[in-house]
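Just so you know, ligand 1 is whichever comes first in the structure, and atom 1 is the first atom listed for that ligand. Computed from a prediction, not measured in an experiment: that's the story for all the values here.
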Amino acid sequence: MYQEPPTRKPVTVTTLAKMKRAGEKFAVLTAYDASFAALLEAAGVEVVLVGDSLGMVVQGQRTTVPVTLEDMIYHTRIVARGCGTALLMADMPFASYTTVDQAIYSAARLMQEGGAHIVKLEGGGWLAETVYQMSRHGIPVCAHLGLLPQSVHKLGGYKVQGREETAARQMMDEALALQEAGADVALVECIPAELAARLTEALTIPLIGIGAGAGCDAQVLVSYDMLGITPGRRPKFSKDFLSGRDSLQAAVEAYVRAVKSGEFPGPDHCIA
Ligand code: KIV
């Protein structure tokens, strides 16, 4: 796919760390194909996430559980063709990191065959050894805490996490353990805004939030949700940025501006 020569330097995990230190927020959105990735890139999104949400919004599945490593490699590869300078993050799918060896194998395939720059896995302190070994092997990692959609059958639904003080304290300890193990970035999903703000303060690595209030270092949304494409009800924490705008590009640019200025998420998009 033809691309204009890049006008910004490639975004790396070091760039994101510097942005956190400077108090500069960054924008993350999901993409599942080259054209979408090029759109996000042109709008100034810093991190393009090939989320396993593709299971739901692209494949029409009920959860992310059926998404396979082959699916993730395929979508990461085609997204990579549309990306220029954005950091390309790919989800490790369900049960693709149950042991250290399997995690390194799956991440290596996402990086070598898909072109991912960083991989994201869902879990808490029990993944510290895995993250440590991945890190030692040169694999950048984003640790996804809070609501873990791959565990939906175990959790009994998509529920806000970390409401009670004990659970909040445990999440804080686990996030710090994953940072200590070598995670480069953390992401929290569906947790109280006040807990997310505490985590942002405590962590030295950047914290990306979804349904976690405005206190995080960055925000992520499923692009189909913020463009009003997802059928059915939009999650409360999301916002339709296309509404009232005349192009996809204008919608994504508005999202980037709103994240960077701290205007999104507003009080209407807080879940707890
Ligand atoms: O799969 C995905 O799109 C994600 C985001 C919702 C954070 O993990």
Residues that, via side-chain heavy atoms closer than 4.5 angstrom, fall in one hydrophobic cluster with Tyr74: Ile78
Pair Thr30-Ser223, side chain to side chain donor-acceptor pair (under 3.5 Å): steps then yes or no: CA-CA 5 Å; Thr30 63; Ser223 48; 3.1 Å; yes
Where at least one partner belongs to residues 200-214, residue pairs that pass side chain to side chain donor-acceptor pair (under 3.5 Å), sequence neighbours excluded: Gln179-Thr204
Close-range residues for ligand 1, whose non-hydrogen atoms fall below the 4.0 Å threshold: Thr30, Leu49, Gly51, Asp52, Ser53, Asp91, Lys120, His144, Leu187, Ile210, Val220, Val222
salt_bridge(Lys260, Glu46) N-O dist < 4.0 Å: yes
Sequence neighbours excluded - ring-ring contact (aromatic ring centres under 6.0 Å, His included) pairs with any residue from residues 188-247: Tyr32-Tyr224, Phe36-Tyr224, Phe241-Tyr255, Phe241-Phe264
Worked check of side-chain contact (heavy atoms from CB on, under 4.5 Å) between Asp268 and Lys239: CA-CA 9 Å; Asp268 289 356; Lys239 177 178 172 178; over 6 Å; no
